[in-house]
Amino acid sequence: MSERTWYQLEAEELLDAHGLDPSRGLSADEAARRLEEAGPNELSEGVKLSPLALFLNQFKDFMVLVLMGATLISGLLGEYLDAITILAIIVLNGVLGFIQEFRAERSLRALKELSAPTAKALRDGAWVVVPAKSLVPGDIVALESGDRVPADIRFLEANSVYAEESALTGESVPVAKSTAAIPEADVPLGDQRNMGFLGTMITMGTARGVVVRTGMRTEMGKIADLINNTEEAETPLQRRLEQFGKILIGVALALTVLVVIAGIMHGQPAYGMFLAGVSLAVAAIPEGLPAIVTVALALGVQRMIKRKAIVRKLPSVETLGCASVICSDKTGTLTQNKMTVTRVWIGGRLLDVSGEGYEPVGDIVERGAKAGVKDDQALRRLLQIGVLCNDAVLTEEVPEPQGKKKRSKETPKPVWTIKGDPTEGALAVLGAKAGVTRASLEAMYRRAAEFPFDSERKRMSVVVEHPGGRLVVAKGAPDMLLERCSYILWDGKLVPFTGTLRQKVMDANEAFAGDALRVLGLAYRDLKAGETVETAEEAERGLVFVGLTGMIDPPRKEVREAIAKCRRAGIKTVMITGDHLTTAEAIAAQLGMIPKGGRTVSGSQLAAMTDEQLAKVVDDIYVYARVSPEHKLRIVKALQEKGHVVAMTGDGVNDAPAIKAADIGIAMGITGTDVSKEASALILSDDNFATIVAAIEEGRGIYENIRKFIRYLLASNVGEILVMFIAMMLGMPLPLLPIMILWVNLVTDGLPAMALGVDQAERDLMEHKPRGKKENIFARRLGWKIISRGFLIGVCTLVPFWLVLQQGGDDAATLTHAQTVAFATLVMAQLIHVFDCRSSRSIFHRNLFENKALVLAVASSVLLLLGVLYIEPLQPIFKTMALGVADWALVLVFAAIPTLFFGVGSLISAPKKKRTIRYDGGATTAAR
């Protein structure tokens, strides 16, 4: 029997397929045989590496091996502080990598926790409680409100059953279940109303069903398999740094060898040149780069926590900065995840309802009127019906203070919540906005009987007693409720429900549904004295129709601007939801997501497409509705194949595989399941789409800061190499001694580079389109800036060295003087150059003192330089001497030339340009 056809079978066919007697279930022997055949009803975790093996795997990376080599060289040179620092960097990176790799195991552990530990099964004609893992296909199980479904089952009986399936299907409200066969093929999970799925929750009613799939064959098992077999994408930062490291090491070692050979050929002692070459190699390879990257990312993480984004994986911060597509779930991320009545129709009048979420604050205003509706008898009757025919409870709770708020004297703001069905909760809130609450009605009305909602009747009714008699109040799907109505309240009067009036109600219903509102009709009937009402059929007849309510999970008010900001930044926003297409399209339209020519696609349409067909149209699609976990994974992969860097958000188990496969996986902190959080790299503590945009801004800033200190480090290192290389080629003495080179590397590369990592972002950061997924780290003229500035730093260091040599003699004192001048010039040139690196244009385009950490770092480096030059015990160690005023004038003039030359040139040659970002047929212009 194909797994896809269980929902198509009638009950008799289902029992025959499993060889079942519905009164006895399976025998113990048969259950044991099937357990041997099918295996335990649990999720596989796949092949597991030991924690030690996972940890050791972190040290196989190419850059890590190079860093180990740098550690060895530093140790041999006696630079034990450098060696310890590099070793600490290696271990830190290994620990971070280990933590990231360990997430997959925790994802599956969280998924397994969604499985029910026990189940009530029919064995040998008796109901017994068995471990859920021992269930087999063919077991008959019983379920009631509050139970977690222990396997994939096909319902045989369903008495007012509702199941919470949002974690699996994305459906925002509990789904009514039934037993009727569904004849259609390839029905989406959310529409398989006669099926129950492993890990979902029964929220109302009682049921019996036949287990049809267990373990890894369940829908939850398929997701576990996807998590097992989905590889996490390597981040763009990791790829770029690996490429950058290999290129840098090759070039640095080649130039170092040339310097050593040239020095020996020009008569320098071999041993001295070897030490100089090794020192130059250590200086040229910025072994501090991983540390600076890690610190920059970690500080970015702290800033993002303040903006409600919790980072679980450091490189993901940078990855967000190059996101070109955000695939967002609808419910709770783009919307409030709070069903809200926004419209009411009574007797031909259309009323608008204001207010946000579950807080009972708002007004009910007739369309076109300015003041709220007051003392309206028909409206009050509708609100009373909505509250009396209702099991939901509206409560006000004061949350426990957290963190800093715990120490604050400020009282936390109360939060309104709903306990019960979200649709009924929306009616309770509607009544409370007009002062009609359960508490206010309890003194007059007492519930005498209830006929719960039934998936076939699609109605609910309640009999209430009051001092004047008894009353039936009912609500339900308008088309089903109208069948039971004989009268209607029209202009405040009870009139016969004519065909014309019925059509007016249906027209209003269609208008509400066309705007993606969930519509409920409300009706009532006064019971005659002595009338018996024992069945729903008896209660729901001759009803008086009162009106319609239209409700929706409304968009978050801040999301529309966030999406517009994404558009200006060249980022496409895509909605992927398990909800119905009409609802998804309506929300997308309210948020301004779909541009002219944009397409929307349902899950069934997507299933009919091949991967090649999807790839052709994926850039034109903005809304995917009624999709399955496999669909979400296909969408992410199709976008990635088109060259996009994809951010995927979600909160359910069904989102976990796509979250893991995306370049940046984002889970919801409030409504998200443990599975989605464990599969993610970023968690939104407020479940808000706008927070993603803030995170993208941080990510872009961090990447630009990484480029800034790469520019600074490499230009400085190029300058150091060229000073030595040119001097050796010209047959000059060594301008820098090995100890000087290592000191420059330690002092000028450390604190200033670190301060660049926390630099403020430039103002137009979010006005540029995302950088390409394959963009080289030296793109946008960074390579030219490094080489040109490095060349000038090298030349401007060598010239003062040569001038001092020409002024003195050939003695050792003159050489020490010249080397000290060259040493000071190189350090000061790099410290001035660091301010130039803050801007993509020049030093004159940014406030020099804006980055206080950088000013402090440069001041500290200058003080350390002065210490080496003027503290007498240090002079023999570093082979330096005190410099006079004339020396400092020479040093500062030549040190400033590299930065001032290009800064003045940029002011002369670069008028303000306008650039246009093309996006979805529109354009925005930004200054560059």
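Computed from a predicted structure; not experimentally measured.
Ion pairing between R599 and D620 fails under the 4.0 Å rule for side-chain N and carboxylate O. Using a 4.0 Å cut-off between charged nitrogen and carboxylate oxygen, R33 and E30 count as a salt-bridge pair. A salt bridge between K338 and D553 is absent, with no side-chain N of the basic residue lying under 4.0 Å from a carboxylate O of the acidic one. Salt-bridge annotation for K177 and E157: absent, with no side-chain N of the basic residue lying under 4.0 Å from a carboxylate O of the acidic one. We find that K222 and E219 are joined by a salt bridge, their nearest charged nitrogen and carboxylate oxygen being less than 4.0 Å apart.
Checked by atom type and distance alone, the side chain of N41 pairs as donor or acceptor with a backbone atom of P150 at under 3.5 Å. Side-chain atoms of R626 do not come within 3.5 Å of backbone N or O of S602 as any donor-acceptor pair. Judged by distance alone, the side chain of S328 and the main-chain N or O of T649 form no donor-acceptor pair under 3.5 Å. Looking at R459, its side chain never comes within 3.5 Å of a backbone N or O of A536 through a donor-acceptor pair. Formation of a donor-acceptor pair under 3.5 Å by the Q8 side chain with backbone atoms of P183 is found in this model. With R502 contributing its side chain and L482 its backbone, the two residues share a donor-acceptor pair below 3.5 Å. Side chain of T333 to main chain of K330: no donor-acceptor pair is present (N/O by atom type, distance under 3.5 Å, no hydrogens or angles). For Q192 (side chain) and V187 (main-chain N/O), a donor-acceptor pair under 3.5 Å exists by modelled atom type. Using a distance-only test at 3.5 Å, with no hydrogens or angles considered, no donor-acceptor pair links the side chain of E13 to the main chain of L9. A side-chain donor-acceptor contact under 3.5 Å links S160 to the backbone of F453.
I153 is listed as a side-chain neighbour of V141, based on a closest heavy-atom distance under 4.5 Å. Inter-residue side-chain proximity for I385 and N390 is flagged as unmet; no heavy-atom pair is nearer than 4.5 Å. Between V161 and T206 the shortest side-chain heavy-atom distance does not fall below 4.5 Å. N337 is not listed as a side-chain neighbour of D687, based on a closest heavy-atom distance of 4.5 Å or more. Two residues are said to be in side-chain contact when any heavy atoms from C-beta on lie closer than 4.5 Å; I664 and M648 fail this criterion. Here the side chains of V618 and Y624 are in contact, with some heavy-atom distance below 4.5 Å. Under the 4.5 Å side-chain criterion, counting only non-hydrogen atoms from C-beta, V325 is in contact with V574. Using a 4.5 Å heavy-atom threshold, the side chains of R447 and V463 count as separate.
Taking both residues in full, the closest heavy atoms of V472 and A539 are given as CG1-O, 3.8 Å, listed atom of the first, atom of the second, then distance. Heavy-atom minimum distance, A31 versus R123: CB-CZ, 3.6 Å. Across all their heavy atoms, R484 and M480 have their closest contact at CG-O, 3.9 Å. Heavy-atom minimum distance, Y7 versus A185: OH-C, 3.6 Å. Looking at every heavy atom in both residues, M575 comes nearest to L334 through CE-CD1, 3.8 Å. Residues V623 and A584 approach most closely at CG1-CB, 3.7 Å, considering heavy atoms.
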Apply the test side chain to side chain donor-acceptor pair (under 3.5 Å) to residues H644 and D619: give CA-CA distance (whole Å), side-chain angles for both, the deciding distance (0.1 Å), then the verdict. CA-CA 10 Å; H644 291 291; D619 281 333; 2.8 Å; yes
Can you list the steps and then say if V601 with I621 is a side chain to side chain contact (heavy atoms under 4.5 Å, CB included)? CA-CA 7 Å; V601 169; I621 302 173; 3.6 Å; yes
Candidate pair E510 and V505, rule side chain to side chain contact (heavy atoms under 4.5 Å, CB included), full reasoning: CA-CA 9 Å; E510 289 177 13; V505 174; over 6 Å; no
What's the verdict on side chain to side chain contact (heavy atoms under 4.5 Å, CB included) for L481 and L543, showing C-alpha distance, side-chain angles and the deciding distance? CA-CA 9 Å; L481 191 63; L543 296 172; 4.1 Å; yes
Show the numbers, then the answer: is there a side chain to side chain contact (heavy atoms under 4.5 Å, CB included) between L14 and V212? CA-CA 9 Å; L14 178 70; V212 294; 4.0 Å; yes
Check step by step if side chain to side chain donor-acceptor pair (under 3.5 Å) holds for S461 and E540. CA-CA 7 Å; S461 55; E540 298 164 357; 2.7 Å; yes
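Annotation: the span from D421 atom CG to M460 atom CE amounts to 9.5 Å, rounded to 0.5 Å. Expressed to the nearest 0.5 Å, how far SG of C327 lies from CD1 of I576 amounts to 4.0 Å. For the atom pair M668 CE and I683 CD1, the distance stands at 9.5 Å (nearest 0.5 Å). Atom CD1 of I659 sits about 8.0 Å away from atom NZ of K632, to the nearest 0.5 Å. Note that CD of Q640 is 12.0 Å distant from CD1 of I635, once rounded to the nearest 0.5 Å. The OG atom of S178 lies 6.0 Å from the CG atom of N194; values are rounded to the nearest 0.5 Å.
Using a 3.5 Å distance cut-off with no hydrogens or angles, the side chains of T218 and D152 do not pair a donor with an acceptor. Checking H18 against D139 by side-chain atom types alone, no donor-acceptor pair falls below 3.5 Å. Side chains of T600 and E585: a donor-acceptor N/O pair is present below 3.5 angstrom, by distance only. There is a side-chain donor-acceptor pair under 3.5 Å between D21 and S23. Side chain to side chain, T203 and E164 fail the donor-acceptor criterion of an N or O pair below 3.5 Å.
Shown here are the ring pair (Phe, Tyr, Trp, His ring centres under 6.0 Å) partners of F451, two or more places apart in sequence or in another chain: there are none.
No more than 12 heavy-atom neighbours from other residues, nucleotides or ligands sit within 6.0 angstrom of CD on E537.
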